[in-house]
S.K.: 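To start, I am sharing the structure in question, which I have written as structure tokens.
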Amino acid sequence: MAPFLRILGIETSCDETAAAVVERDAKGVPTVRSDVVLSQLEEHSAYGGVVPEIAARAHVEALDTLIDEALKRANVSLSDIDAIAATSGPGLIGGLLVGLMTGKAIAKASGKPLYAVNHLEGHALTARLTDGLSFPYLMLLVSGGHTQLILVKGVGDYERWGTTIDDALGEAFDKTAKLLSLPYPGGPAVERAAKSGNPQRFKFPRPLVGEAKLNFSFSGLKTAVRQAATEIAPLTDQDVADICASFQDAVSRTLKDRIGRGLERFKALYPDVEQPVLVVAGGVAANLAVRGTLQALCDKNRFRFVAPPLHLCTDNAVMIAWAGLERMAEGVQPDDLDVQPRSRWPLDSSAETLLGFGKRGAKA
Ligand code: KG4
Ligand code: ZN
């Protein structure tokens, strides 16, 4: 049995600077002692996407204060911490450098071990903290940077069943919003507009539907939105609402097909798992149409649908601390202090590299 453990987590892989203190008792029961997140939304909104240089600078400015705040709110000092866990990939390299360097400096100064955590592992293990899930389960990560269906078999044991071959789903929402002159981040704006729209007005493509492989593709959908918007310009509010509703409908149908196949594959692989589980994570999990689709799919296939609270679905340091705790409790050795950040770092090293792993940015 692992002893009581307490970890300081640091997250800086994209546009959230975050620090947290999380504990795990001998029975594996977690306690979140503090959870501090500073979003850079305002810094990036004028550009319609995350600007890596701005992100890195903002992390430098905020991180030390945020770590102090996390320790203070947890009512602990560095000497009460057993280890430091910092995200070391995948993500924007400037931000990763800031977080990992800070983690290393604290580890060196305090003599505590350092865990260099894969951001995706943080998302993958969160549902064990929030819902006490046991292995194996399926996890769908739908954020601004990633769209992946992952089989979570154990700590450090993952199979990537599907990923996007071009844009991430959140990115597709953001680009659609930009095309329609809706504000950034696009997801909430598209969802809002879609409420008064007609989902049947435009027949947008449902990329990769019917394919046996479980990958995703969203760039064709974005192109179809652009074409439709250009053809009927100038757009009325109703046109924008109809495009958004039709876009969301195409997304839901695509997810239904892709994830539906994933659930069937899971059941075939694990016929003895009595209550199979699908977990969702990432900012797009906030979308009610997407949630409704996943819930209905789970009901139909007798899966339990688990959606952790949104602040733990989106980027945060609690999940990084927790991933560190899970590794430490399993007796995994800490990382050397010369560990390097990695902008690309698939959870499943046997998975083929696909071009679009969700390279989020303000470029498009
Ligand atoms: O996980 P997240 O907060 O951050 C990173 O990706 O780093 O995800 C942000 C993404 C953005 O692309 C945003 O547009 C999308 O999640 N998003 C949504 C909604 N809320 C946020 N997409 C669709 N519907 C929403 N309600
Ligand atoms: Zn994330």
S.K.: In the single-linkage hydrophobic clustering (I, L, V, M, F, W, Y; side-chain heavy atoms under 4.5 Å), do I259 and Y137 co-cluster?
M.R.: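 They do not share one cluster, since no chain of ILVMFWY contacts under 4.5 Å joins I259 to Y137.
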
S.K.: Would you confirm whether D242, through its side chain, and R201, through its main-chain N or O, come within 3.5 Å as a donor-acceptor pair?
M.R.: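 Not at all, since once roles are kept as given, no pair shorter than 3.5 Å links the two residues.
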
S.K.: Do side-chain atoms of S34 reach the backbone of V21 as a donor and acceptor pair under 3.5 angstrom?
M.R.: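 The answer is yes, because a donor-acceptor pair under 3.5 Å joins these two groups.
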
S.K.: Is it the case that the side chain of D131 and the backbone of L133 share a donor-acceptor pair, with hydrogens and angles ignored and the cut-off at 3.5 Å?
M.R.: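 No: the side chain of D131 does not pair with the backbone of L133.
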
S.K.: Has D257 got a side-chain atom pairing as donor or acceptor with T254's backbone, closer than 3.5 angstrom?
M.R.: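 No, the answer is negative, given that no donor and acceptor are paired below the 3.5 Å cut-off.
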
S.K.: Between atom CZ of R261 and atom CG of L149, what is the distance when rounded to the nearest 0.5 Å?
M.R.: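 One finds 13.0 Å between CZ of R261 and CG of L149.
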
S.K.: Is it the case that H119 and S13 place a side-chain donor and acceptor less than 3.5 Å from each other?
M.R.: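 A pair is found: one side chain offers a donor N or O, the other an acceptor, under 3.5 Å apart.
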
S.K.: Under 3.5 Å, is there a donor-acceptor pair linking the side chains of D167 and S219?
M.R.: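 Per modelled atom types, D167 and S219 side chains form no pair under 3.5 Å.
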
S.K.: Are the side chain of E11 and the backbone N or O of D315 linked by a donor-acceptor pair below 3.5 Å?
M.R.: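 Flag not set: sc E11 to bb D315 has no pair under 3.5 Å.
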
S.K.: Any chance the side chains of T236 and D239 put a donor and an acceptor closer than 3.5 Å?
M.R.: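 Short answer, yes.
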
S.K.: Would you confirm whether Y270, through its side chain, and A268, through its main-chain N or O, come within 3.5 Å as a donor-acceptor pair?
M.R.: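 Pair absent, no side-chain N/O of Y270 close to backbone of A268.
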
S.K.: Using a 3.5 Å distance criterion without hydrogens, assess whether the side chain of S196 forms a donor-acceptor pair with backbone atoms of Q238.
M.R.: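 Side chain of S196 to backbone of Q238: no pair is present.
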
